[in-house]
Peer 1: 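Provided herewith is a single structure, encoded as structure tokens, for subsequent inquiry.
Just so we're clear, the structure is a prediction, and the values are computed from it rather than from any experiment. Each ligand, and each atom within it, is numbered from 1 in the order the structure gives.
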Amino acid sequence: MTYTPSAERYTSMVYNHCGRSGLKLPAISLGLWHNFGHDFNEQTSRAICRRAFDLGITHFDLANNYGPPPGAAESFFGRLLKTDFAFHRDEMVISSKAGYRMWPGPYGEWGSRKYLVSSLDQSLKRMGLDYVDIFYSHRFDPATPLEETMGALDSIVRQGKALYVGLSSYNSKRTREAVKILNELGTPCLIHQPSYSMLNRWVEDDGLLDTLEELGIGSIAFSALAQGMLTDKYLNGIPEGSRATQGKTIRDGHITDENVKRIRGLNEIAEQRGQSLAQMAIAWILRNNRVTTALIGASTPSQLEDSYGALSNLEFSDEELKAIDVFARDAGINIWALSSSS
Ligand code: NAP
């Protein structure tokens with residue numbers, strides 16, 4: 001079926017400058033971690049991406065290992081770039097990353113120059129692109145000198161394979177070190193991608209958000225809906241087909257009685273605001289301009305539409321924020337904690 005993007009796509013999305021850079025990102029970005037691999041209906045994946053673009057979501061976030069199998073999400077997106085999005089590449093900010101295990105042997109993960117450069121070459125081939133807009137070091141590598149990892153990012157930009165570079169899940173201390181090296185090399189860090197949600201506030205405790213603000217670096221908060229926990233999905237049990245039933249990245253211990261109590265408490269506040277819980281979770285992430293964009297996933301176009309509705313009410317009173325703080329506590333769901341703790 002031929003796709004013609006909505007002519008209205010730029011009328012209501014909010015676009016925020018990414019830190020002190022000239023690049024603007026939509027307040028909501030779409031990630032292709034889950035639901036864009038071989039285990040998912042491709043027509044639904046395609047419908048989600050089309051709906052995103054129609055809603056003004058110009059930023060699509062990928063990584064070498066998104067699938068399954070690893071690489072499948074990039075191959076899927078490459079097909080879309082040749083068909084539905086063939087005339088719209090320059091309206092998009094497309095990112096990829098390398099850091100987690102992609103192929104066997106000593107060169108298939110972490111932060112060496114060998115791995116980062118060859119992984120990006122593979123990503124570009126899968127997507128049929130000459131360059132990505134943003135390329136990330138996906139996680140800090142304690143066994144590789146930071147100079148080597150940052151040097152690889154700098155080379156990648158100089159080779160024209162990425163326009164900007166970013167860091168993902170680096171803690172505040174490592175971010176400062178990495179940014180200093182990048183600045184000395186003349187390739188400033190555009191953006192940081194940490195996990196952040198009402199149930200996972202490590203970026204506040206670690207001081208990362210303060211650091212990014214001080215350094216003028218933008219931020220894109222991933223799993224802003226806590227993988228679906230910050231929606232109405234798990235209010236009354238675990239529904240069939242949800243991510244929690246798929247043996248993927250919501251662990252058995254995540255949907256505990258205590259966490260369900262938190263989610264119900266937050267849901268009541270969302271109802272009082274006239275929002276769905278997903279909408280309030282996104283608005284909360286964007287509440288004080290320190291986060292450039294909320295990076296979310298979706299398994300249906302209608303979920304995306306619901307989430308997009310967050311933009312209708314981004315304001316919070318002090319009373320609401322205090323009420324949220326009672327329930328918005330660490331829920332033991334930060335499965336990326338190890339990547340940021342080194
Ligand atoms: P998320 O937005 O927290 O969770 C998405 C899931 O929430 C959906 O698959 C769906 O679950 C549910 N959902 C979404 N909207 C909903 C709605 N309105 N109502 C009810 N349920 C809703 O995000 P995520 O998928 O965990 O991560 C988002 C992106 O962040 C990824 O695609 C990736 O780009 C990025 N990410 C980066 C890293 C990193 O290390 N840098 C790590 C993880 C993720 P069901 O599938 O159960 O329907």
Peer 1: Is the distance between the ring centroids of Y115 and W103 under 6.0 Å?
Peer 2: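 Yes, close enough.
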Peer 1: Less than 4.0 angstrom from a charged side-chain N to a carboxylate O is my criterion; do R79 and D84 meet it?
Peer 2: no
Peer 1: For the pair K173 and D206, find out whether any cationic side-chain nitrogen is under 4.0 Å from an anionic carboxylate oxygen.
Peer 2: no
Peer 1: Report yes or no: is the cationic atom of R126 (NZ for Lys, CZ for Arg) under 6.0 Å from the centre of the six-membered ring of F77, at an angle within 45° of the ring normal?
Peer 2: no
Peer 1: Using a strict cut-off of 4.0 Å, indicate which atoms of ligand 1 neighbour a heavy atom of S242.
Peer 2: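 What qualifies from ligand 1 is 47 (O).
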Peer 1: Identify the closest protein heavy atom to atom 12 (C) of ligand 1: which residue and atom is it, and at what distance?
Peer 2: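 It is G228 CA, 3.7 Å.
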Peer 1: State whether a side-chain donor-acceptor pair under 3.5 Å links E91 with T58.
Peer 2: no
Peer 1: Side chain, backbone, both or neither: which applies to A278 and ligand 1 if a contact is any heavy-atom pair less than 4.0 Å apart?
Peer 2: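 For A278, the contact with ligand 1 is made by the side chain alone.
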Peer 1: Please determine if A226 has a nitrogen or oxygen closer than 3.5 Å to a nitrogen or oxygen of ligand 1.
Peer 2: yes
Peer 1: Just heavy atoms, cut-off under 4.0 Å: does Y136 contact ligand 1 by side chain, backbone, both, or neither?
Peer 2: neither
Peer 1: Is it the case that ligand 1 has an N or O less than 3.5 angstrom from some N or O of K233?
Peer 2: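 Yes; at least one N/O pair falls below 3.5 Å.
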Peer 1: Is there any N or O on G241 that sits under 3.5 Å from an N or O of ligand 1?
Peer 2: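 No, there is no polar N/O contact under 3.5 Å.
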Peer 1: Counting from 1, what ligand 1 atoms have a heavy atom of S307 closer than 4.0 Å?
Peer 2: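 So the atoms of ligand 1 that pass are 15 (N), 18 (N).
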Peer 1: Do me a favour and list the nearest non-hydrogen protein atom to atom 35 (C) of ligand 1 with residue, atom name and distance?
Peer 2: L295 CD2, 3.5 Å
Peer 1: What protein heavy atom is closest to atom 15 (N) of ligand 1, reported as residue, atom name and distance in Å?
Peer 2: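 For this ligand atom, the closest protein heavy atom is L225 CD1, 3.4 Å.
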Peer 1: Quick one: nearest non-hydrogen protein atom to atom 27 (O) of ligand 1, plus distance?
Peer 2: S223 OG, 3.4 Å
Peer 1: Starting from atom 34 (O) of ligand 1, locate the nearest protein heavy atom and write down its residue, its atom name and how far away it is, to 0.1 Å.
Peer 2: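 Nearest neighbour among protein heavy atoms for atom 34 (O) of ligand 1, to 0.1 Å: D61 OD2, 2.6 Å.
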Peer 1: I'd like to know if E42 pairs up with R46 as an ion pair, taking the criterion as any Lys NZ or Arg NE/NH1/NH2 lying under 4.0 Å from an Asp or Glu carboxylate oxygen.
Peer 2: no
Peer 1: To check your reading of the model: name the closest protein heavy atom to atom 2 (O) of ligand 1, its residue, and the distance in Å.
Peer 2: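 The closest one turns out to be G297 N, 3.0 Å.
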Peer 1: Look at K161 together with D130 and state whether they make a salt bridge at an N to O cut-off of under 4.0 Å.
Peer 2: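 No, this pair does not count.
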Peer 1: What do the steps show when you test W33 against F222 for ring-ring contact (aromatic ring centres under 6.0 Å, His included), and what is the final call?
Peer 2: CA-CA 10 Å; W33 179 33; F222 75 76; 7.4 Å; no
Peer 1: Taking the basic N atoms (NZ, or NE/NH1/NH2) and the acidic carboxylate oxygens, is any pair closer than 4.0 Å for D141 and R174?
Peer 2: no
Peer 1: For ligand 1, which atoms have a heavy atom of S168 less than 4.0 angstrom away?
Peer 2: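 Once the distances to S168 are compared, the set is 39 (C), 40 (O), 41 (N).
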Peer 1: If the plane angle is over 60° it's perpendicular, under 30° parallel, otherwise tilted; pick one for F60 and F85.
Peer 2: tilted
Peer 1: Check each atom of ligand 1 against the heavy atoms of A224 and keep those under 4.0 Å away; list them by number with element.
Peer 2: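 So the answer, numbered in order with elements, is 3 (O).
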Peer 1: For ligand 1, which atoms sit closer than 4.0 Å to a heavy atom of D306?
Peer 2: 17 (C), 18 (N), 19 (N)
Peer 1: Considering I333, I282, I335, T231 one by one, which has a heavy atom nearer to atom 20 (C) of ligand 1 than any of the others?
Peer 2: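 Closest candidate by heavy-atom distance is T231.
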Peer 1: With a cut-off of 4.0 Å, which atoms of ligand 1 are near a heavy atom of G31?
Peer 2: 29 (C), 31 (C), 32 (O), 34 (O)
Peer 1: I need the nearest protein heavy-atom contact for atom 10 (C) of ligand 1: residue, atom name and distance, please.
Peer 2: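 Here the nearest protein heavy atom works out to Q303 OE1, 3.3 Å.
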Peer 1: Purely on distance, is any nitrogen or oxygen of H34 under 3.5 Å from one on ligand 1?
Peer 2: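 No.
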Peer 1: Salt bridge between R201 and E204, side-chain N to carboxylate O under 4.0 Å?
Peer 2: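 Judged by the 4.0 Å cut-off on N to carboxylate O distance, R201 and E204 do form a salt bridge.
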Peer 1: Suppose I only count heavy atoms of Y66 and a 4.0 Å limit; which atoms of ligand 1 are within that range?
Peer 2: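 Near Y66, meaning under 4.0 Å from one of its heavy atoms, ligand 1 has 33 (C), 34 (O), 35 (C), 36 (N), 37 (C), 38 (C).
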Peer 1: Please determine if R113 and E148 form a salt bridge, counting it only when a charged side-chain N lies under 4.0 Å from a carboxylate O.
Peer 2: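 No.
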Peer 1: Any ion pair linking K180 and E184 (charged N to carboxylate O, less than 4.0 Å)?
Peer 2: yes
Peer 1: Could you tell me whether W284 and Y196 have their ring centroids closer than 6.0 angstrom?
Peer 2: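 W284 vs Y196: aromatic centres under 6.0 Å.
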Peer 1: Can you tell me which residue and heavy atom of the protein come closest to atom 42 (C) of ligand 1, and the distance to 0.1 Å?
Peer 2: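 Going atom by atom, the protein heavy atom closest to atom 42 (C) of ligand 1 ends up being F222 CE1, 3.1 Å.
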Peer 1: Have a look at ligand 1 and work out which part of L230, if any, has a heavy atom under 4.0 Å from it: side chain, backbone, both or neither.
Peer 2: neither
Peer 1: Under a 4.0 angstrom heavy-atom cut-off, which atoms of ligand 1 come close to H138?
Peer 2: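 The atoms of ligand 1 under 4.0 Å from a heavy atom of H138 are 39 (C), 40 (O), 41 (N).
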Peer 1: Looking at non-hydrogen atoms alone, which of Y234, W33, W336 comes nearest to atom 31 (C) of ligand 1?
Peer 2: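 Answer by nearest heavy atom: W33.
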Peer 1: Looking only at distances, please establish whether an N/O atom of ligand 1 is found under 3.5 Å from an N/O atom of Y100.
Peer 2: no
Peer 1: Hey, can you tell me if Y15 and Y10 have their rings parallel, tilted or perpendicular (30° and 60° cut-offs)?
Peer 2: tilted
Peer 1: Can you tell which of L185, V165, I181, T149 makes a side-chain contact (heavy atoms from CB on, under 4.5 Å) with D154?
Peer 2: L185
Peer 1: Give the single entry among H192, R243, Q193 that approaches atom 25 (O) of ligand 1 most closely by any heavy atom.
Peer 2: R243
